[in-house]
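First the structure, in the form of structure tokens, and then the observations on it.
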There are 2 protein chains.
Amino acid sequence: MSKLPSLKNLSYLLALHQEQNFNRAAAECNVSQSTLSSGIQNLEEQLDCQLIERDHKSFLFTALGEEVVEKARDIISASEELLHYAQGQGNIMEGPLRLGIIPTIAPFVIGELSKNLQDKFPKLLLQLSEDTTQNLLHRLRNGELDILLLALPMDIQGNQKWILGRDPFKLVLHKDLAETVGEPVDYDKLPDRSIFLLEKEHCMTGHAVAACQLTDSIKMNPFTATSLHSLVQMADARLGATFVPQMAIDQGILENTALVSLKPTGQEASRDIGLVYRPTTSRRQTFRKVAEEIARLLPVNTLN
Amino acid sequence: MSKLPSLKNLSYLLALHQEQNFNRAAAECNVSQSTLSSGIQNLEEQLDCQLIERDHKSFLFTALGEEVVEKARDIISASEELLHYAQGQGNIMEGPLRLGIIPTIAPFVIGELSKNLQDKFPKLLLQLSEDTTQNLLHRLRNGELDILLLALPMDIQGNQKWILGRDPFKLVLHKDLAETVGEPVDYDKLPDRSIFLLEKEHCMTGHAVAACQLTDSIKMNPFTATSLHSLVQMADARLGATFVPQMAIDQGILENTALVSLKPTGQEASRDIGLVYRPTTSRRQTFRKVAEEIARLLPVNTLN
DNA sequence: ATTTTTAATTGGTATTTTCGATTATCATAA
DNA sequence: TTATGATAATCGAAAATACCAATTAAAAAT
């Protein structure tokens, strides 16, 4: 049996893949450029294959090299987890936990969540990161993040998920406008172009449109906001109506406004909230406990 | 950041766990006893925890040590897979594939399967192992086997599975006896204690009894056989009736006998055939192709 | 033409790994 | 009680390796 590749060399490869430059990668690993260079050559010899194509000035990862990087990432992160686990004496609720959250969820859960986790698991070091779904998924894959709190349905690529709960959408509008619309909501009574939404980078836009059966509706205004708080301000200025998730309302986003929230048409106008993680993780138990904490904060908890 | 544990030391730990003896473990790893001993100590220092309790003569793995072994196994096998993958230039259908099969499936698929795999993937080295479900699951966990072909439903512990297809049970009896029973089968017309089954180590016994709704029936004979071929011989000797899976009949197990097969009572008298693998594997693609080959050999193919 | 940037190479040093021999401890047999 | 055998830890020397600084080689930028 040939010798296993060393974790050190694999980590050199990962750094090189990330930096795409020997010097920077070497600095990243706190070794000299020559060390990293020969480490990579060493690895190629051991694996008996070409990982990068060199052209005397620059280089390129081969297809096989890219795949080796993928697998190496899993191995390195599993090793890091083992190290951390053992050093924590088997206490799974200890050490850093890097959680990524999309912007239409983050502001309405992180306050309560970090307080509750701090109380229950004081040694857990929660590191939050707010970004779009696509960026978060990329960073999860990279090993830069451990778990993601996303709105579903969504293509989560090769990852696994737990559905934590449901978050209903509410139609939010000025109370004067609400009177002319009445309940149940009849979108036809709204003026054309009077529904404002977030930029399409935010998955909530798609979810709200789908959930409320408004695809291609003339009612929608082409101007898009970058945050829920902007949307609320616009609605409060009588510019029109918008959709706001229940969790934002529960957190008081409508306080000090003249806005009211109505139940939209369609019996299931809601998004699912899910926790997403790599299938190769060895920290399911840790994640599960965090999942339970998050689920308790949601408008509708469906975690079984 | 503290240094990652070396794969070498982790493999020493695994060997020690398997052999429960420093000398044998060292021999297993092709190193001296002192090397292995200090490797373990080294690992304990790096992980900053006690993995084994020593009492100057013998030793015992601590609870934490056992858990570290579990995680280390995943890391080592992922590394082996990476090595193998890269050395095979990314060809996933190459090198050894260790497949475990239960005795009530093995004889009826391995002939065709190994022939087909040999034809399609000549570089794939299929290594078969026949054992009971429980032993196979243990060996899968150990990293001793890569995938298992089992009959389901079954507790497959933390593993993952694909359902490949269905295998109906048939009631098999001597043609003279069959005349007195008639169709549809009425078990009441069979003499008491005239149904013979396999030893209870074989999961097929439970599956057949459940599928045909015969729990605690007075019709069953307490004598149990160790193989399907024995059962068939007994039925042919007019000792009674028995259940035989369709795949065995398709393979001609009833040839040169005076036996007939009848459809048992109960609309779903069948077992599922599933392929089971570790959730941490990185060879899903390889396994999937094997799964497809196996599914094609089953009486009812349900692999989607 | 010169300088800068990049990765590979070289040669020497420091570190780590490994082994064989030895020691210490215990269980068991004589 | 004293040998004997088995075990795991320890020690010191030897071998393997990992690492760095300096250099080279090639290309790109100035």
Side-chain angles (χ1 to χ4, degrees), chain A residues 1-62 65-66 68-69 72 76 79 83, chain B residues 1-62 65-66 68-69 72 76 79 83:
Chain A
M1 188 183 89
S2 27
K3 232 187 81 181
L4 288 177
S6 83
L7 291 182
K8 203 180 299 189
N9 285 349
L10 290 181
S11 70
Y12 291 166
L13 188 74
L14 293 193
L16 184 62
H17 186 256
Q18 188 169 349
E19 301 292 338
Q20 292 289 325
N21 173 300
F22 276 72
N23 281 295
R24 286 199 301 276
E28 174 81 15
C29 299
N30 301 307
V31 295
S32 73
Q33 172 263 318
S34 68
T35 298
L36 190 128
S37 174
S38 55
I40 300 291
Q41 288 176 55
N42 211 314
L43 192 60
E44 287 185 307
E45 250 175 67
Q46 275 178 16
L47 299 185
D48 190 27
C49 66
Q50 199 179 357
L51 299 175
I52 58 182
E53 280 178 66
R54 301 146 164 90
D55 78 332
H56 272 139
K57 168 67 183 170
S58 188
F59 63 89
L60 236 164
F61 273 75
T62 63
E66 293 280 352
V68 169
V69 165
I76 296 285
S79 304
L83 178 68
Chain B
M1 187 181 87
S2 26
K3 231 188 83 181
L4 289 177
S6 83
L7 291 182
K8 206 181 297 189
N9 285 348
L10 290 181
S11 72
Y12 292 167
L13 188 74
L14 292 193
L16 184 62
H17 186 256
Q18 187 168 348
E19 301 291 339
Q20 292 290 323
N21 173 300
F22 275 72
N23 282 294
R24 285 200 301 276
E28 175 81 15
C29 299
N30 300 308
V31 296
S32 73
Q33 172 263 317
S34 67
T35 298
L36 190 128
S37 174
S38 57
I40 301 290
Q41 289 176 55
N42 212 313
L43 192 59
E44 287 185 307
E45 250 175 69
Q46 276 178 16
L47 299 185
D48 189 28
C49 66
Q50 200 179 357
L51 298 175
I52 57 182
E53 280 177 64
R54 300 144 163 94
D55 78 333
H56 276 136
K57 167 68 183 169
S58 189
F59 63 89
L60 236 165
F61 273 76
T62 64
E66 294 280 353
V68 170
V69 165
I76 296 287
S79 305
L83 178 68

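Labels below follow one simple rule: chain letters A, B, ... track the order of the sequence lines, proteins then strands, and each chain is numbered from 1.
Atoms CD (A:Gln41) and P (D:dT17) sit 16 Å apart, rounded to a whole Å. A:Leu7 places its CG atom 13 Å from the P atom of D:dA18, with the value rounded to the nearest Å. Per the geometry, CD belonging to B:Glu45 stands 12 Å off P belonging to C:dT17, to the nearest Å. Atom CD1 in A:Ile40 sits about 12 Å away from atom C1' in C:dA7, given to the nearest Å. One atom, NZ of A:Lys3, and another, P of C:dT17, lie 10 Å apart when rounded to the nearest Å. Atoms CG (A:Asn42) and P (D:dA16) sit 15 Å apart, rounded to a whole Å.
Of all the residues in residues 8-20 of chain B, B:Lys8, B:Tyr12 reach under 4.0 Å from DNA chain C with at least one non-hydrogen atom.
For the OP1/OP2 pair of D:dC19 and a distance below 4.0 Å, the side-chain nitrogens and oxygens of A:Thr35 include no atom meeting the criterion. Proximity of B:Ser37 to the phosphate of D:dA8: no side-chain N or O atom is located under 4.0 Å from OP1 or OP2.
For the pairing with B:Phe61, the side-chain contact (heavy atoms from CB on, under 4.5 Å) check across B:Ile52, B:Val68, B:Leu51 returns one residue only, B:Ile52. B:Arg24 pairs with exactly one of B:Glu19, B:Gln33, B:Gln18 by the side-chain contact (heavy atoms from CB on, under 4.5 Å) rule, that one being B:Glu19.
No N or O donor and acceptor, one from the side chain of B:Ser34 and one from the base of C:dA21, sit under 3.5 Å apart. At a cut-off of 3.5 angstrom, the base of C:dA8 holds at least one donor-acceptor pair with the side chain of A:Gln33.
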- Give the C-alpha distance, both sets of side-chain angles, the deciding distance and a yes or no for side-chain hydrogen bond (donor to acceptor under 3.5 Å, both in side chains) between B:Thr35 and B:Ser32. CA-CA 5 Å; B:Thr35 298; B:Ser32 73; 3.0 Å; yes

- Task: With side chain to side chain contact (heavy atoms under 4.5 Å, CB included) as the test, would you mind laying out the steps for B:Leu13 and B:Ile40 before giving the verdict?
- Result: CA-CA 6 Å; B:Leu13 188 74; B:Ile40 301 290; 3.9 Å; yes

- Message: Test salt bridge (Lys or Arg N to Asp or Glu O under 4.0 Å) on A:Glu44 and A:Arg54; report intermediate values, then the result.
- Response: CA-CA 13 Å; A:Glu44 287 185 307; A:Arg54 301 146 164 90; 2.9 Å; yes

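Side-chain contact check for B:Cys29 versus B:Leu36: some heavy-atom pair is nearer than 4.5 Å.
Side-chain proximity of B:Asn23 to C:dA8, C:dC19, D:dA8: nearest is D:dA8.
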